[in-house]
Amino acid sequence: MLDINFLRNNLKEIQSNLHKRGFDFDVEAFKKLDSERRNLQVETESLQEKSNILAKEVAQEKNQTTKNQKLKDAKKISTDLKEIKTKLDIALIDLNNFLLGIPNILSEDVPEGKSEDDNKVIYKKGTIPEFSFKIRDHQEIGELSNGINFEESVIIAKSRFVVLRKEIAKLHRALSQYMLDTHVENGYEEIYVPYLVNKNSLEGTGQLPKFEEDLFKISNEEMYLIPTAEVPLSNIYRNKILNSDELPINYVAHTPCFRSEAGSYGKDTKGIIRQHQFDKVELVKFVHPEDSEAELDKLTKDAESILNNLNLPYRKVILCSGDTGFASSKTFDLEVWFPSQKTYREISSCSNFRDFQSRRMKIRIKQSKDNILCHTINGSGLAIGRTLAAILENNQTEQGSVIIPEVLVDYMGGIKELNLSR
RNA sequence: GGAGAGAUGGCAGAGUGGUCGAAUGCGCUCGCUUGGAAAGCGGGUAAGGGGGCAACUCCUUCAAGGGUUCGAAUCCCUUUCUCUCCGCCA
């Protein structure tokens, strides 16, 4: 959510900034909602004041006749007040819903563009492997020894879920352990969180009210399965005031993520790239506004370090205006190389939300005069399923085995190579 | 799941219809004191919003939502959460 005062004073600038996203900010509609609200609020508050004064006078009035007269006046005001209050409530809700639907303002350095095709590559790292044989995609590799099974997951659940077995399941576990350990070494506190969250939390991070169709909702309660650990991690401090000396706060959590993504059928139907359930190690920072740009770079580097250590070829991309997420002011994507697709695919998305989320969550920093909103930053470090798939594809051999990256060997109980073709 | 008790400021905790945005203590902070510190003494210290160039002023908030009343932290209803006991369970 944007600062309403900032909005009032910078209407044109904000309109053109949001236009870069392809968002049409209706200035006239906003002005109308805001002035309606203001008129009603001024009127309500002055009536309330009268009512408060009269109520005090009634209490102190000794003369029975004047007291009765005042009681009569007070009753009249009370009725009027009730009426105008309902109008004000409606105006406030309308204005608030309008504000909740406005995306975040983009940073100046976000390149303009319409879709992901306009994202700008910042750099590429690692060497793209050359294969002298006909390569398999990660699904084929996994199926060699029944390490990846989609028939069983359909029986258990439905399509877009997966069952992993044996060394592949172990590799999946090894990856999350390795990532957690690495981030803890780099100064993040490991957190375990609920996988079901309430509506307020999802509103706080921006998934609701706009993107309900992407979520799985529990039918017997007002609860949702988390689409990312960003939601529980960020909401830890909802409605809290932080001391500036405890910042930055760095959290890491490993959770499953659940995404309904109703509109995405037909995309990435093969393999484990796009699933209703996947695991992810997530990084979240609460920072002072002055530090948020630098902290986004730090967090992105921390996510990159995993790719570097796993020797996976990747590139760093800055999302263009049209592709940057609703709540984000600036996003770097890390994209890993998939030999079977001959392309880079997103494996981490690192965003600076500035005060957009903290305004919704009311996370503030204690300051002598006025408290200020903190900034939130988060990013994947990394998506486990996609990392697993990338390792299978990039590290495959002609014999149908997969070389385990050195940093994972200990986590794999000493296994250096998966012999899948047996 | 059943029975009971409760939810008040950063924390602890008083307050059961008007004098309450809320005693008191702790914490924090400023000043005095001191060679310096501690102790002591004195002052300040909730959040959000409206109006005003400003000094300032007004409104809201005692878990959340609704109700009664001229007036609600206080009375009534609903929901959520916490604690104790019983049951169940990993």
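Just so it is clear, the values below take in all heavy atoms, side chains as well, and ignore hydrogens, waters and symmetry mates. Quick note on labels: first sequence line is chain A, next is B, and so on, each numbered from 1. Remember, it's a predicted structure, so these values are computed and weren't measured experimentally.
Among A:Val281, A:Leu310, A:Asp279, the one residue that satisfies the side-chain contact (heavy atoms from CB on, under 4.5 Å) test with A:Leu175 is A:Leu310.
Of the candidate nucleotides B:C70, B:G48, B:G50, B:G50 has the atom nearest to the side chain of A:Glu45. When distances are taken from the side chain of A:Arg364 to each of B:A47, B:U19, B:C70, the shortest belongs to B:A47. With distances taken from any side-chain atom of A:Glu49 to the nucleotides B:G50, B:G18, B:C58, the minimum falls on B:C58.
Comparing the same atom, P, in B:G6 and in B:C75 gives a spacing of 11 Å after rounding to whole Å. Of the C1' atoms belonging to B:C70 and B:G65, the separation is 24 Å, rounded to the nearest Å. Nucleotides B:U82 and B:G31 place their C1' atoms 42 Å apart, quoted to the nearest Å. Rounded to a whole angstrom, the distance from the P atom of B:G35 to that of B:G25 is 30 Å. Remark: the separation of the C1' atoms in B:U80 and B:A64 is 7 Å, to the nearest Å. If you take atom C1' in B:C77 and the same atom in B:U69, they sit 16 Å apart, rounded to whole Å. Nucleotides B:A39 and B:C58, compared at atom P, are 39 Å apart to the nearest Å. Here, B:A14 and B:C20 have their C1' atoms 12 Å apart, quoted to the whole Å.
Heavy atoms of A:Asn52 sit under 4.0 angstrom from primed sugar atoms or phosphate atoms, though from no base atom. At a threshold of 4.0 angstrom between heavy atoms, the contacts of A:Leu54 with the nucleic acid are absent. Using a 4.0 Å heavy-atom cutoff across all strands shown, A:Arg359 reaches no nucleic acid atom at all. Among the protein residues, A:Lys240 comes within range of no part of the nucleic acid, since none of its heavy atoms lies under 4.0 Å from any strand. Residue contacts for A:Val58: at a heavy-atom cut-off of 4.0 Å it reaches a base atom on one of the strands shown. Across all strands, A:Ala55 comes closer than 4.0 Å to base atoms (heavy-atom distances).
Remark: B:G9 base-pairs with no nucleotide; criterion is Watson-Crick or G-U wobble with both hydrogen-bond distances under 3.5 Å. When both pairing distances are held under 3.5 Å, B:A3 makes a Watson-Crick or G-U pair with B:U84. Using N1 to N3 plus N6-O4 or O6-N4 for Watson-Crick, or N1-O2 and O6-N3 for G-U wobble, each under 3.5 Å, B:G44 pairs with B:C28. For B:A22, there is no paired base (Watson-Crick or G-U wobble, both distances below 3.5 Å). Across all strands shown, B:G17 remains unpaired; no Watson-Crick or G-U wobble contact has both distances below 3.5 Å. If you check B:A72 for Watson-Crick or wobble pairing at under 3.5 angstrom, you find it has no partner at all. B:A90 makes up no base pair with any nucleotide shown, lacking Watson-Crick or G-U wobble contacts both under 3.5 Å. Remark: B:A38 base-pairs with no nucleotide in the shown strands. Criterion, Watson-Crick or G-U wobble with two distances under 3.5 Å.
Positionally, the nearest nucleotide of RNA chain B for A:Lys362 lies more toward the 5' end than for the other of A:Lys70 and A:Lys362. Between A:Ala74 and A:Ser46, the residue whose closest nucleotide on RNA chain B is further toward the 5' end is A:Ser46.
Residue A:Gln48 places at least one side-chain N or O closer than 4.0 Å to OP1 or OP2 of B:U60. Not one side-chain nitrogen or oxygen of A:Lys56 sits closer than 4.0 Å to the OP1 or OP2 atom of B:G18. Distances shorter than 4.0 Å separate some side-chain N or O of A:Ser78 from OP1 or OP2 on B:G71.
The CG-C1' distance, from A:Leu47 to B:G71, rounds to 15 Å in whole Å. One interatomic measurement links the two molecules: NZ of A:Lys85 to C1' of B:U69, which rounds to 13 Å at whole-angstrom precision. What separates NZ of A:Lys82 from C1' of B:G71 is a distance of 12 Å, to the nearest Å. Rounded to an integer number of Å, the gap from A:Lys199 NZ to B:U80 P is 15 Å. In this structure, the CG atom of A:Leu92 is 17 Å from the P atom of B:C59, given to the nearest Å. Distance, A:Arg8 CZ to B:G51 C1': 12 Å, rounded to whole Å. In this structure, CG of A:Leu71 is placed 10 Å from C1' of B:G71, rounded to the nearest angstrom. In this structure, A:Asp89 atom CG and B:U61 atom P are separated by 12 Å, rounded to whole Å.
At least one side-chain heavy atom of A:Met412 sits under 4.5 Å from a side-chain heavy atom of A:Lys170.
Checking A:Asp302 against A:Tyr188 by side-chain atom types alone, a donor-acceptor pair falls below 3.5 Å. In this structure, a donor-acceptor pair under 3.5 Å is present between the side chains of A:Thr376 and A:Gln357.
The aromatic ring centroids of A:His375 and A:Phe356 lie 6.0 Å or more from each other. The ring of A:Tyr344 has its center no closer than 6.0 angstrom to the ring center of A:Tyr314. Checked against the 6.0 Å centroid threshold, A:Phe326 and A:Phe211 count as a close aromatic pair.
Comment: A:Lys31 does not engage A:Asp34 in a salt bridge, judged by the lack of any side-chain N to carboxylate O separation of less than 4.0 angstrom.
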